[in-house]
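The structure under discussion appears below in the form of C-alpha cells.
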Amino acid sequence: MINKNCDDCKDSKQGKAYFDKESGLLCVKIEEKYEKPKGKKTLVPFICTTCGTVNWKCIDPDEKNC
C-alpha cells in the first residue's frame with residue numbers, strides 16, 4: 001500500500017531480490033548495480049526510499065518495456 005505522504009513513490013531505487021536462507025522468504029534490498037542475465041527479460045524490484053513500497057518492473061534488453 002502506498003503511503004499518503006509519499007508522492008506516488010517517485011523516489012524509488014532499483015533493488016535486488018534474494019531468498020533468505022534462514023526463513024526461506026523472498027526479500028529485496030536496494031542494490032542498483034549487479035549482474036543481470038544477459039539477453040533475457042528480468043523482473044526487478046524498485047524500492048521506494050520514502051515509504052518502502054516495492055514495485056516490480058520487467059527489464060528487457062531488446063525492448064524499452066516488457
Side-chain angles (χ1 to χ4, degrees):
M1 184 156 87
I2 295 175
N3 185 329
K4 291 181 185 178
N5 299 322
C6 184
D7 194 27
D8 224 8
C9 295
K10 292 179 183 176
D11 295 325
S12 293
K13 292 194 177 190
Q14 183 174 324
K16 181 177 184 178
Y18 65 96
F19 284 102
D20 180 63
K21 291 180 182 179
E22 291 183 22
S23 66
L25 294 174
L26 177 66
C27 302
V28 295
K29 63 180 176 179
I30 295 174
E31 190 171 327
E32 295 189 49
K33 295 189 180 195
Y34 58 93
E35 192 171 322
K36 297 175 190 68
K38 295 185 187 219
K40 295 186 177 186
K41 293 179 182 179
T42 307
L43 191 59
V44 178
F46 283 80
I47 304 129
C48 179
T49 57
T50 304
C51 73
T53 297
V54 177
N55 292 302
W56 295 86
K57 295 182 183 178
C58 181
I59 296 175
D60 186 346
D62 299 326
E63 299 178 18
K64 291 182 181 177
N65 296 324
C66 291

For residues 13-22, dump all side-chain donor-acceptor pairs below 3.5 Å to protein atoms at least two apart in sequence or in another chain.
from	atom 1	to	atom 2	distance (Å)
D20	OD2	S23	N	2.8
D20	OD2	S23	OG	2.7

Worksheet item: By salt bridge (charged side-chain N to carboxylate O under 4.0 Å, His left out), which residues pair with K40, not counting sequence neighbours?
Response: none

Item to complete: Treat each ILVMFWY residue as a node, draw an edge where side-chain heavy atoms are under 4.5 Å apart, and state whether V54 and L43 are in one component.
Response: yes

Worksheet item: Are V28 and I30 grouped together when hydrophobic residues (ILVMFWY) are joined by side-chain heavy atoms under 4.5 angstrom apart?
Response: yes

Worksheet item: Looking at T49 and D11, what are the two nearest heavy atoms and their distance?
Response: OG1-O, 2.8 Å

Practice prompt. Of all the heavy-atom pairs spanning I47 and G52, show the shortest one and how long it is.
Written response: CG2-O, 4.2 Å

